[in-house]
Amino acid sequence: MKKVFFNLANGLALFAIIIAVFFTQFSDVKAAEIPSQFSDSAAAYILVDAKTGNVLAEKNSNEKLYPASTTKIMTAIVALENASMDKVMTASKEAITDIGVGGMNIGIMEGEQLLFEDLLNAMLIRSANETANIIAENICETRDAFVELMNKKAIEIGAVNSHFVNPSGLHHPDHYTTASDLAKIACYAMAIPEFREIVIKDTYNMPPTNKHQKWDPLPSTNKLLTYSPKSFTHVTGIKTGYTSNAGYNLVSSGIDSEGNEIIAVVLGGQNSIQQKINSLSIDLLEYGFENFVQTELVKAGQLIRVLHVNGSTKGAYAELVAESTISCLMPRDSDQWQVDTNIFIDENISAPVNEGTVLGKIQYCTNGIILGETALVAANSVEKSFKNKVSDALSSFFENQAVKNTAITTSIIFVFFFALRFTLRRISRKVHVKSRMEGK
């Protein structure tokens, strides 16, 4: 009996070991998670697909917080859309002094003349506050006027919960944004080639000016540019920010070998630590590339709908296909997909329809965000029925202005002819009656 229990116990132990080994071996298959030790290191964060803006992860993303120097992303957008890179800008005394206590600067002097391109590089790479002021004052008559453009552009982009008071990010109670808004602003900025080329640089060398014969190299404040990724190719930007009221902020981005780009926005809050903000940003980017994959929602030429065409030959239909391929980052686990498909078609379509004619569009959305849309085109031509061809030909004939004019002229001639004939016949009858009376 003891032997039986001994064997049973050994069997259960062996079974437990097998189960343990099984789960150990396959535990790595589970989706990666953002390390819990960083969950409280930031006041808010958001991770988005740079192409679509689709949210991949978020925390307090709509909470209004202070952006600090991440403000300069919006400053750069407005500046790039209102000035050429070779524009010469002059530094005023106010621009170089109004940088805040301990504000980041590169030592530009009053009256110094610099190209906009150099100022923009110094602003985005070294985060120099005076460069933001100089840019604003040289594009608009006043800095306030430039800030008005910033707020107008924010609304245009969809960053409706943001409000800017200055171009540099100096603290002000009414100068705020959200992680969600900053992600929208960053996505917009990264679509501008000149912006992308700057924020990926880890250093910048300023050329000589009328006040400086030589500058020290300007290293980037974004330490993530030196990070060696595990799940993607390299970090592509974007911008740091810090004030005592805002804490440490970081907007970062990464790209993989297939061209997929993800943007992470981390707003640290007043008690944040820079190292933890950087670590959380890295973890967010790694998480995104590990757990999301480029997915085709529809392929070019894919049949979407077969549509009846009014006035066509009996049995003829138009095949509607997608004009182009739509793809975006989606969870590797398809059970997590939440995609709505919207098809817009004018159902009252009449023949003839030529191959390639746009007859509608198809749109894919998730949580109110458009992942992509493409036109729906006819994959085949649809001819009119013989009856409709004859009817149209007759209608066309009678609607022709020359035909109308001929018909009107002919009608007038006929009316005149019959009226004349009627009049002559009456005259003839009267003459005939009179002749008869005289003959009597």
Side-chain donor/acceptor of Asn380 to backbone N/O of Tyr317, under 3.5 Å:
yes

Would you mind telling me which of Asp98, Ile99, Val165 makes a side chain to side chain contact (heavy atoms under 4.5 Å, CB included) with Leu170?
Asp98

Distance-only, no hydrogens or angles: does the Trp215 side chain make a donor-acceptor pair with backbone N or O of Asn205 under 3.5 Å?
no

Do we see a donor-acceptor contact under 3.5 Å between the side chains of Gln338 and Thr366?
no

Derivation and outcome, salt bridge (Lys or Arg N to Asp or Glu O under 4.0 Å), residues Lys361 and Glu373:
CA-CA 7 Å; Lys361 71 176 181 179; Glu373 63 181 30; 3.6 Å; yes

What do the steps show when you test Asn348 against Asn310 for side-chain hydrogen bond (donor to acceptor under 3.5 Å, both in side chains), and what is the final call?
CA-CA 7 Å; Asn348 189 29; Asn310 297 327; 2.6 Å; yes

SB check Lys153 Glu81 (cutoff 4.0 Å)
yes

Name the orientation class of the two ring planes belonging to Tyr227 and Phe232 (parallel below 30°, tilted from 30 to 60°, perpendicular beyond 60°).
tilted

Please check if the side chain of Asn367 supplies one atom and the backbone of Ile369 the other of a donor-acceptor pair under 3.5 Å.
no

Regarding Glu286 and Ser231, is there a side-chain donor-to-acceptor distance under 3.5 Å anywhere?
yes

Under a 4.5 Å cut-off applied to non-hydrogen side-chain atoms, are Thr341 and Val298 in contact?
no

Do Asn121 and Lys201 have side-chain N/O donor and acceptor atoms under 3.5 Å apart?
yes

Does one side chain, of Asn129 or Lys72, offer a donor that lies under 3.5 Å from an acceptor on the other?
yes

Begin with the C-alpha distance, continue with both residues' side-chain angles, and end with the deciding distance and a verdict on salt bridge (Lys or Arg N to Asp or Glu O under 4.0 Å) for Glu156 and Lys184.
CA-CA 11 Å; Glu156 180 185 320; Lys184 293 173 184 175; over 6 Å; no

With no hydrogens and no angle check, do the side chains of Thr374 and Glu323 hold a donor and an acceptor under 3.5 Å apart?
no

Is the distance from the ring center of His175 to that of Tyr66 below 6.0 Å?
no

Flag yes if more than 12 heavy atoms outside Glu347 fall under 6.0 Å of its CD atom; otherwise flag no.
yes

Ignoring hydrogens and angles, tell me if any N or O in the side chain of Glu130 forms a donor-acceptor pair with the backbone of Gly107 under 3.5 Å.
yes

Could you check if a side-chain atom of Val147 sits within less than 4.5 angstrom of a side-chain atom of Leu149, using non-hydrogen atoms only?
no

Could you check whether Tyr248 and Tyr242 have their ring centres less than 6.0 Å apart?
yes

Could you please spell out the steps behind the side-chain hydrogen bond (donor to acceptor under 3.5 Å, both in side chains) verdict for Thr236 and Ser253?
CA-CA 5 Å; Thr236 54; Ser253 58; 2.5 Å; yes

Do Leu320 and Val377 come within less than 4.5 Å of each other through their side chains, counting heavy atoms only?
no

Would you say the side-chain atoms of Ser327 and Glu296 include a donor-acceptor pair closer than 3.5 Å?
no

Only one of Ile262, Val293, Asn54 passes side chain to side chain contact (heavy atoms under 4.5 Å, CB included) with Leu329, and that residue is Ile262

In the structure I gave you, are the side-chain heavy atoms of Tyr204 and Pro217 within less than 4.5 Å of one another anywhere?
no

Donor-acceptor pair, side chain of Ser61 and main chain of Ser180, under 3.5 angstrom:
no

Looking at Glu148 and Arg143, is any side-chain nitrogen of the basic one under 4.0 Å from a carboxylate oxygen of the acidic one?
no

Glu63 side chain reached by Thr178 side chain, heavy atoms, under 4.5 Å
no

So does Gln275 get a backbone contact from the side chain of Ser279, meaning a donor-acceptor N/O pair under 3.5 Å?
yes

Verify side-chain hydrogen bond (donor to acceptor under 3.5 Å, both in side chains) between Lys239 and Thr71, making sure each step is shown before the conclusion.
CA-CA 9 Å; Lys239 187 71 193 73; Thr71 297; over 6 Å; no

Is the shortest heavy-atom distance from the side chain of Ile263 to the side chain of Leu47 under 4.5 Å?
no

Is it true that the side chains of Asp144 and Thr142 contain a donor and an acceptor less than 3.5 Å apart?
no

Side chains of Ile139 and Met89 in contact at under 4.5 Å (non-hydrogen atoms)
yes

Donor-acceptor side-chain pairing of Thr240 and Thr221 below 3.5 angstrom
yes

Determine whether a donor-acceptor pair (N or O, by modelled atom type, separation under 3.5 Å) exists between the side chain of Thr357 and the backbone of Ala378.
no

Taking atom types as modelled, is there a side-chain donor on Thr52 or Asp49 under 3.5 Å from an acceptor on the other?
yes

Please check this pair: side chain of Asn166 against backbone of Gly169, looking for a donor-acceptor N/O pair closer than 3.5 Å.
yes

Minimum heavy-atom separation for Leu303 to Val321, with atom names?
CA-CG1, 3.9 Å

Return yes when atom CG of Asp216 has more than 12 non-hydrogen atoms of other residues, nucleotides or ligands closer than 6.0 Å, and no otherwise.
no

Side chain to side chain, Glu110 and Lys211, heavy atoms closer than 4.5 Å:
no

